[in-house]
Every structure is written in structure tokens, then in C-alpha cells.
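Working notes, structure below.
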Amino acid sequence: QVQLVESGGGLVQPGGSLRLSCAASGFTSDRYAISWFRQAPGKEREGVSCISSSDGTIYYADSVKGRFTISRDNAKNTVSLQMNSLKPEDTAVYYCASRRRCYSSSWYIQSPYDYWGQGTQVTVSS
């Protein structure tokens, strides 16, 4: 059974940092691309970042470039999202999801993703 489980969310002050993790089980995550999405209250879910399996291709949403870093540890079957310089507008439920590859034209679109985690809440507030 394929499972993606997010962890690491919480409450942080503006300017602070959090590190999210996505643990994969039931499949070998190094053969799949993993993405992070987020959904703020009253807003649509949006793509945050995607990391490919084979060539290490990475994409970021413009809103997080320079602040967020995605990485993967294939030995641990995990993908992490280091979030620095957090802003109140980063407040959302963060989800990880898997698909075969990241494509520049579609990594941020939800429908091609096969599996999703349950989400972890990130709240940026003073």
C-alpha cells in the first residue's frame, strides 16, 4: 500500500524557519518525482516545488524561490522542504504528492499526481 506521510508543520513567527518531511512507503521514492503543494483557507491548492527522481530536476513556485529548498534522501525514502524567511502568506496546509516525473509545464497541476499525503499545517503568525 502506497503511503505518503508529511510531518514537521507547526506555528512559527514571521521570518522563522520550518522543515517539512514527506516519508514514502509502499514504493521506492527514488523512482518517482515528489512535489509539495499547499492550500490556504479559501484558496485553491497550489504547487510549491517539485523534485525529480533521476536527474534531480527541481522547480519552485515564484512565491517561494530563494526561501524554500527541496531535497531528497533516497536512502531514507524521504523528501524534505526547508522553509526559511517564512511570511504570513505561507500559512497553509502543506501536502506532498508523487508522480513519475516533474515537467516544467505541469509539475504544479494536481491531476497528474497519483498519491497524496494527508497534509501538515503550517501557520506563520506573531
Side-chain angles (χ1 to χ4, degrees):
Q1 182 180 0
V2 174
Q3 270 195 319
L4 297 173
V5 179
E6 303 93 339
S7 62
L11 173 64
V12 64
Q13 292 186 342
S17 298
L18 279 176
R19 187 176 182 87
L20 305 183
S21 291
C22 174
S25 61
F27 69 101
T28 304
S29 66
D30 63 352
R31 297 183 181 180
Y32 290 84
I34 300 288
S35 287
W36 287 95
F37 285 77
R38 67 185 181 184
Q39 188 166 19
K43 295 188 177 181
E44 293 187 357
R45 194 172 297 187
E46 62 175 356
V48 174
S49 183
C50 183
I51 184 166
S52 286
S53 56
S54 55
D55 61 6
T57 299
I58 291 174
Y59 298 102
Y60 293 103
D62 288 344
S63 58
V64 306
K65 279 181 182 176
R67 299 188 299 122
F68 291 11
T69 302
I70 193 170
S71 61
R72 65 192 308 151
D73 184 337
N74 291 332
K76 296 183 178 178
N77 234 19
T78 60
V79 172
S80 297
L81 185 70
Q82 178 66 41
M83 306 187 296
N84 299 329
S85 303
L86 283 162
K87 305 175 182 180
E89 51 263 44
D90 294 318
T91 295
V93 178
Y94 283 71
Y95 301 87
C96 60
S98 66
R99 60 180 291 183
R100 292 295 294 177
R101 292 184 62 183
C102 298
Y103 294 97
S104 61
S105 60
S106 67
W107 70 266
Y108 48 87
I109 298 174
Q110 296 181 58
S111 55
Y113 287 84
D114 303 310
Y115 301 101
W116 291 80
Q118 83 291 346
T120 185
Q121 176 70 46
V122 171
T123 302
V124 184
S125 175
S126 55

Is any side-chain heavy atom of I70 closer than 4.5 Å to a side-chain heavy atom of C50?
-> no
Could you give all pairs that pass the ring-ring contact (aromatic ring centres under 6.0 Å, His included) test and reach residues 78-97, with sequence neighbours left out?
-> none
Of the non-hydrogen atoms in T57 and C102, which two are nearest, and what is the gap between them?
-> O-SG, 4.5 Å
With a 4.5 Å heavy-atom cut-off, do N77 and S25 have their side chains touching?
-> no
Are I34 and V93 in one and the same hydrophobic cluster, where Ile, Leu, Val, Met, Phe, Trp and Tyr link if side-chain heavy atoms are under 4.5 Å apart?
-> no
Transitively linked via ILVMFWY side-chain contacts under 4.5 Å: L20 with V5?
-> no
Check: W116 ring centroid to F37 ring centroid under 6.0 Å | yes
What distance separates Y103 OH from S52 OG, expressed to the nearest 0.5 Å?
-> 8.5 Å
Look up atom CG in D90 and atom OG in S63, then write down how far apart they are to the nearest 0.5 Å.
-> 7.0 Å
Should Y108 and Y60 be regarded as members of a common hydrophobic cluster, given that ILVMFWY residues are connected when their side-chain heavy atoms come within less than 4.5 Å of each other, either directly or indirectly?
-> no
Answer yes if V2 and W36 sit in the same cluster of Ile, Leu, Val, Met, Phe, Trp and Tyr residues linked by side chain heavy atoms under 4.5 Å apart, and no otherwise.
-> yes
If every non-hydrogen atom of S80 is compared with every non-hydrogen atom of S21, which pair is closest and at what distance?
-> OG-OG, 3.7 Å
Can you see which heavy atom on L81 is nearest to which on S49, and at what distance?
-> CD1-CB, 4.4 Å
Run the numbers on L4 and S98 for side-chain contact (heavy atoms from CB on, under 4.5 Å), then give the verdict.
-> CA-CA 8 Å; L4 297 173; S98 66; 4.2 Å; yes
Minimum heavy-atom distance R19-S71, with the two atoms named | NH2-OG, 3.7 Å
What is the distance from atom CG of L11 to atom OG1 of T123, rounded to the nearest 0.5 Å?
-> 6.0 Å
Here the gap from F68 atom CZ to I58 atom CD1, rounded to the nearest 0.5 Å, amounts to 14.5 Å
Can you tell me how far the CE atom of M83 sits from the OG1 atom of T69, to the nearest 0.5 Å?
-> 11.0 Å
Taking the side chain from Y113 and the backbone from W107, do they hold a donor-acceptor pair closer than 3.5 Å?
-> yes
From R67 atom CZ to Q82 atom CD, the distance as rounded to the nearest 0.5 Å | 12.0 Å
Restricting to pairs with a member in residues 39-59, which pass salt bridge (charged side-chain N to carboxylate O under 4.0 Å, His left out), not counting sequence neighbours?
-> R38-E46
Under 3.5 Å: donor-acceptor pair, side chain of T91, backbone of V124 = yes
Locate the shortest heavy-atom distance separating S106 from R99; write the atom from each residue and the value.
-> O-NH1, 3.2 Å
Side-chain heavy atoms of Q118 within contact of E6, under 4.5 Å = yes
Electrostatic pair K65-D62, nearest N-O below 4.0 angstrom | yes
Taking all non-hydrogen atoms of both residues, which atom of G9 and which atom of T120 are closest, and how far apart?
-> N-OG1, 3.2 Å
Just checking, R100 and Y32: is the charged tip under 6.0 Å from the six-membered ring centre and within 45° of the axis?
-> yes
